Amino acid sequence: MAAAHPSVPQPIPAEPPAATVSGLLRDIADVGRDRTRGGYSRPVFSSAETELRSWFIAEARRRGLDVYTDQNGIIWAWWDTATGTRRNAVVTGSHLDSVPGGGEYDGPLGVASALVAVDLLKARGLRPRRPLAIAVFPEEEGSRFGVPCLGSRLLTGELDPDKARRLKDPDGNTYADVAAANGQDPRLIGADYKALQQLGVFVELHVEQGRGLIDLNQPVAIGSSILGHGRWKLTLTGEGNHAGTTLMKDRKDPMIAAAKVMVGIRDTARKYRDARATVGRIHPVPGGTNVIASRVDLWIDVRHPDDSVTAALVEAIGLNAQVMAAEEGCTSSLSMESRSPTVRFDAGLRDRLQELLPAAPVLDTGAGHDAGVLGSQIPTAMLFIRNPTGVSHSPDELVEDWDAEAGAVALADSLAGLLGEARGIG
Ligand code: GLV
Ligand code: MN
Ligand code: MN
């Protein structure tokens with residue numbers, strides 16, 4: 001290339017355009033699109049989720065953050081103070097995995113907003129007195145290995161590493177094997193008290209998964225609590241046989257038992273005020289049109305603010321299933337896959353966020369989050385961003401661009417307030 005002539009004025013290189021949340025989300029809008037189900041399918045360690053992890057790492061490095069992936073698959077991106085001491089950090093972030101056929105915002109909105117919040121703080125000339133970190137948690141949805149918030153449960157020691165290593169995805173691959181194939185050493189997963197000691201507070205920004213902000217006509221809310229929830233697997237065992245040669249009276253068909261059980265679950269849950277119970281996944285074995293199934297596995301998601309009511313409801317569901325199964329000549333067995341008690345976010349941190357964001361209402365949520373799991377170790381809080389459809393875990397989930405940018409400003413204001421504090425809250 002010819003050298004520029006010294007007397008010819010050179011154009012001043014244009015500043016790279018400031019990143020926006022909607023712009024960042026547009027950059028990843030094609031990753032993991034699910035042409036069959038609609039929306040996005042980005043299970044942990046799939047090619048889509050891996051691509052999103054690489055995208056995040058590149059974006060964080062572009063901002064000068066020190067990035068690494070820990071032994072539990074959590075990506076950390078650090079903006080250090082002048083001393084470089086990693087203690088009492090203000091942490092934000094979310095997740096990049098999705099439910100099958102999920103929306104565009106559940107998880108990535110919090111990650112993209114964290115990146116933009118860093119840009120905004122840098123543009124304001126902020127010199128943090130506490131370190132800031134962005135964390136990206138793997139398998140928040142539990143849509144591949146069945147246990148939601150797998151990364152934060154491992155980090156906090158809430159999930160036994162042996163149990164985690166043995167978890168299987170729907171194709172029968174263990175978590176240990178899949179993690180190893182993705183460059184992680186599964187022998188090293190588990191509680192990381194050294195990492196936890198570095199953390200001061202965690203603020204997760206998330207798309208609202210209901211209609212609270214629509215009704216209040218506000219773009220941003222502060223979270224108050226997460227509804228207790230858990231997952232159970234019910235197995236109904238019958239007798240596999242031929243669809244044409246087996247008389248109706250001779251059948252032990254677990255699909256019929258499953259149908260009755262599912263209606264029973266709905267009816268039982270309706271008897272408990274504020275309870276939610278869902279069967280969103282059912283798997284007949286072997287699963288042929290002309291085959292009476294020998295077994296049906298179905299997964300039940302149960303939620304209630306009072307954990308003892310959840311326990312009572314699940315017990316009722318299990319007893320009911322035994323009766324329904326017996327009526328069809330089948331047997332049933334129920335096992336718990338995960339449980340997350342109701343979480344009330346740290347009151348001191350919530351009050352501080354209310355001072356920093358005086359217009360934001362306070363809302364609770366029925367959805368689970370890593371902020372709930374981390375809340376057992378450090379003060380945690382959430383910001384919710386208006387979702388004009390009120391729908392989530394669906395391609396219809398939506399955040400308007402202007403609300404996404406308002407959310408990043410609210411997150412930056414929150415982080416700035418917390419970073420300016422010499423001591424932690426809580
Ligand atoms: C996660 O979004 C959950 O609430 O299951
Ligand atoms: Mn989420
Ligand atoms: Mn979700």
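We number each residue from 1, following the sequence as shown. Whatever order the structure lists ligands and atoms in, that order sets their numbers, starting from 1. Small disclaimer: the values here were computed from a predicted structure and weren't measured.
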Short N or O distance, Gly368 and ligand 1, threshold 3.5 Å exclusive: yes

4.5 Å side-chain heavy-atom contact, Ile134 and Val91: no

Arg42 backbone acceptor or donor facing Ser46 side chain under 3.5 Å: no

N/O separation below 3.5 Å, Glu140 to ligand 1: no

Aromatic ring pairing Trp76/Phe137, orientation class (parallel under 30°, perpendicular over 60°, tilted between): perpendicular

Donor + acceptor pair across side chains of Asp177, Asn173 (<3.5 Å): no

Contact (N/O only, under 3.5 Å) between Asp106 and ligand 1: no

Of all pairs that satisfy salt bridge (Lys or Arg N to Asp or Glu O under 4.0 Å), the ones with a partner from residues 195-223, not counting sequence neighbours: none

Exceeds 12 heavy-atom contacts within 6.0 angstrom, atom NZ of Lys260: yes

Contact check: His206 to the Mn ion (ligand 2), N/O/S below 2.8 Å: yes

Centroid-centroid distance, Phe145 to Phe45, less than 6.0 Å: no

Which residue and heavy atom of the protein sit nearest atom 1 (C) of ligand 1, plus the separation: Glu141 OE1, 3.3 Å

Enclosure of Arg266 CZ (heavy-atom neighbours >12, cutoff 6.0 Å): yes

Donor-acceptor side-chain pairing of Asp106 and His393 below 3.5 angstrom: yes

Donor + acceptor pair across side chains of His304, Asp306 (<3.5 Å): no

For atom 5 (O) of ligand 1, the protein heavy atom that lies nearest, with its residue and separation: Arg303 NH2, 2.8 Å

Under-2.8 Å protein N/O/S neighbours of the Mn ion (ligand 3), ordered by chain then residue number: Asp106 OD2, Glu141 OE1, Glu141 OE2, His393 NE2

Heavy atom of His393, distance to ligand 1 below 4.0 Å: yes

For Ala367, the ligand 1 atoms whose distance to one of its heavy atoms is below 4.0 Å: 4 (O)

